[in-house]
Amino acid sequence: MEIKNVSVIGAGTMGSGIATVSLISGYDVNLIDISMEFLEKAKSNIEKNLQKSVSKGVITEEAYSNALNRLQLTTDYSVVKDSQLVIEAIVENLDIKKKLFTQLSEHAVEDAIIASNTSALKITDIANLYKNPENVIGMHFFNPPVIMKLVELIKTELTSEKVFDLSKEFILTLKKEPVEVKESPGFVVNRILVPMINEAAMIYEEGVASAEDIDKAMKLGANHPIGPLALADMIGIDVCLAIMETLQRDFNSDKYTPAKILNQMVEEGNLGKKSGKGFYDYSRPKVNA
Ligand code: NAI
């Protein structure tokens with residue numbers, strides 16, 4: 001099977017980025033969300049990212065218009081019938097993802113690869129709702145997908161070798177680096193990274209240091225390119241909270257108890273960059289973190 005057409009479901013931070021990299025690499029892309037308003041917003045992000053690729057000389061002006069012509073925006077799941085690969089990047093909520101996988105069983109063709117971009121949820125729980133669980137794999141991109149080189153490929157006990165190999169080939173065509181990971185909560189990166197972000201949030205909550213100083217400390221003291229709180233804002237506070245909740249539930253360990261402030265920020269709608277406010281205020285011109 002040759003992958004030519006990719007359906008990306010969920011047109012938020014990750015879905016729009018995954019759609020962009022797939023377009024740059026020559027795939028036809030169906031981008032699917034629950035409302036045209038979200039899709040139009042995603043389209044303008046995709047246009048901006050493609051324009052940046054033109055300015056950096058990654059693609060030509062002609063390739064830019066060509067890429068946009070290969071993009072279809074829709075709220076209709078039935079378009080996945082044309083795809084050899086379906087990448088799910090909807091909200092990090094197990095029940096909503098389970099519902100989607102049940103619906104996908106109706107629309108996807110028999111040998112289509114069904115990939116989930118979940119940050120930490122158990123892929124098997126979702127795969128079991130799909131008609132061919134051996135076709136389901138975790139394909140975990142990093143934020144922002146246009147820039148970040150890594151993709152974790154998560155094999156469940158049911159994922160077939162063929163699906164793994166085709167997924168790996170696909171990732172390489174995007175000029176990204178895959179790593180193979182056995183199914184386990186948080187996979188590799190988020191199991192290490194998000195508890196660190198959570199600890200930084202607790203330090204902030206306790207008033208030990210300001211957000212700016214926590215980030216400065218980790219940048220200059222641990223040589224991190226970005227501070228943990230600025231990174232939390234970039235990932236999304238709701239996503240960080242969901243990952244901690246998954247780690248806490250799946251390992252059944254208090255070690256992963258989410259910082260109270262993460263719950264509070266989500267309740268207040270302060271989700272980070274995407275909502276305009278998180279640990280930093282993005283309505284101000286520049287965040288120095
Ligand atoms: P987001 O909140 O920016 O976007 C989610 C999108 O999914 C929204 O546009 C929403 O309307 C749409 N959606 C919700 N239910 C839907 C449904 N049933 N059908 C179609 N569309 C639906 O979320 P984000 O950050 O893009 O995350 C998406 C997934 O990627 C999550 O599983 C998250 O854990 C994962 N992820 C997030 C990363 C991050 O840094 N934000 C990094 C890597 C993975």
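We count ligands from 1, going down the list as the structure has it; atoms in each ligand are counted the same way. Bear in mind the structure is a predicted one, so any value in this text is a computation, not a measurement.
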TODO: For the pair Asp215 and Tyr280, evaluate side-chain hydrogen bond (donor to acceptor under 3.5 Å, both in side chains) and give the outcome as yes or no after the intermediate values.
DONE: CA-CA 11 Å; Asp215 281 345; Tyr280 295 92; 2.6 Å; yes
Tell me, do [X] and [Y] make a side-chain contact under 4.5 Å, heavy atoms counted?
{"X": "Ile237", "Y": "Phe279", "value": "yes"}
{"X": "Ile46", "Y": "Leu31", "value": "yes"}
{"X": "Lys97", "Y": "Leu121", "value": "yes"}
{"X": "Pro258", "Y": "Glu245", "value": "yes"}

Which of the atoms of ligand 1 are close to [X], meaning less than 4.0 Å from one of its heavy atoms?
{"X": "His140", "result": "43 (C), 44 (C)"}
{"X": "Lys97", "result": "31 (C), 32 (O)"}
{"X": "Val239", "result": "25 (O), 34 (O)"}

Evaluate [X] for polar contact with ligand 1, using N/O atom pairs at a separation under 3.5 Å.
{"X": "Met14", "result": "yes"}
{"X": "Thr118", "result": "no"}
{"X": "Asn143", "result": "yes"}
{"X": "Thr13", "result": "yes"}
{"X": "Glu88", "result": "no"}
{"X": "Phe38", "result": "no"}

What is the nearest protein non-hydrogen atom to [atom], stated with its residue, atom name and distance?
{"atom": "atom 43 (C) of ligand 1", "value": "Phe141 O, 3.1 Å"}
{"atom": "atom 29 (C) of ligand 1", "value": "Ile90 O, 3.2 Å"}
{"atom": "atom 17 (C) of ligand 1", "value": "Tyr77 OH, 3.3 Å"}
{"atom": "atom 39 (C) of ligand 1", "value": "Ile235 O, 3.5 Å"}
{"atom": "atom 30 (O) of ligand 1", "value": "Asn117 ND2, 3.0 Å"}
{"atom": "atom 4 (O) of ligand 1", "value": "Gly12 CA, 3.3 Å"}

Basic-acidic side-chain contact under 4.0 Å: [X], [Y]:
{"X": "Asp82", "Y": "Lys4", "value": "no"}
{"X": "Lys155", "Y": "Glu161", "value": "yes"}
{"X": "Lys131", "Y": "Glu110", "value": "yes"}

Are more than 12 heavy atoms from other residues, nucleotides or ligands located less than 6.0 Å from atom [atom1] of [X]?
{"X": "Gln51", "atom1": "CD", "answer": "yes"}
{"X": "Lys81", "atom1": "NZ", "answer": "yes"}
{"X": "Asn223", "atom1": "CG", "answer": "no"}
{"X": "Asn252", "atom1": "CG", "answer": "no"}
{"X": "Glu177", "atom1": "CD", "answer": "no"}

Nearest to [atom] by heavy atom, [options]: which?
{"atom": "atom 23 (O) of ligand 1", "options": "Gln103, Met139, Lys274, Glu92", "value": "Lys274"}
{"atom": "atom 8 (C) of ligand 1", "options": "Val91, Asp33, Ile18", "value": "Asp33"}
{"atom": "atom 34 (O) of ligand 1", "options": "Ala232, Cys240, Ser119", "value": "Ser119"}

TODO: Answer yes or no for Ala89: is there a heavy-atom contact with ligand 1 below 4.0 Å?
DONE: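 Contact check Ala89 vs ligand 1: positive.
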Open item on the list: Side chain, backbone, both or neither: which applies to Ile9 and ligand 1 if a contact is any heavy-atom pair less than 4.0 Å apart?
Closed with: side chain
Task: Proximity to ligand 1 by part of Lys99, non-hydrogen separation under 4.0 Å - done: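 The answer is neither.
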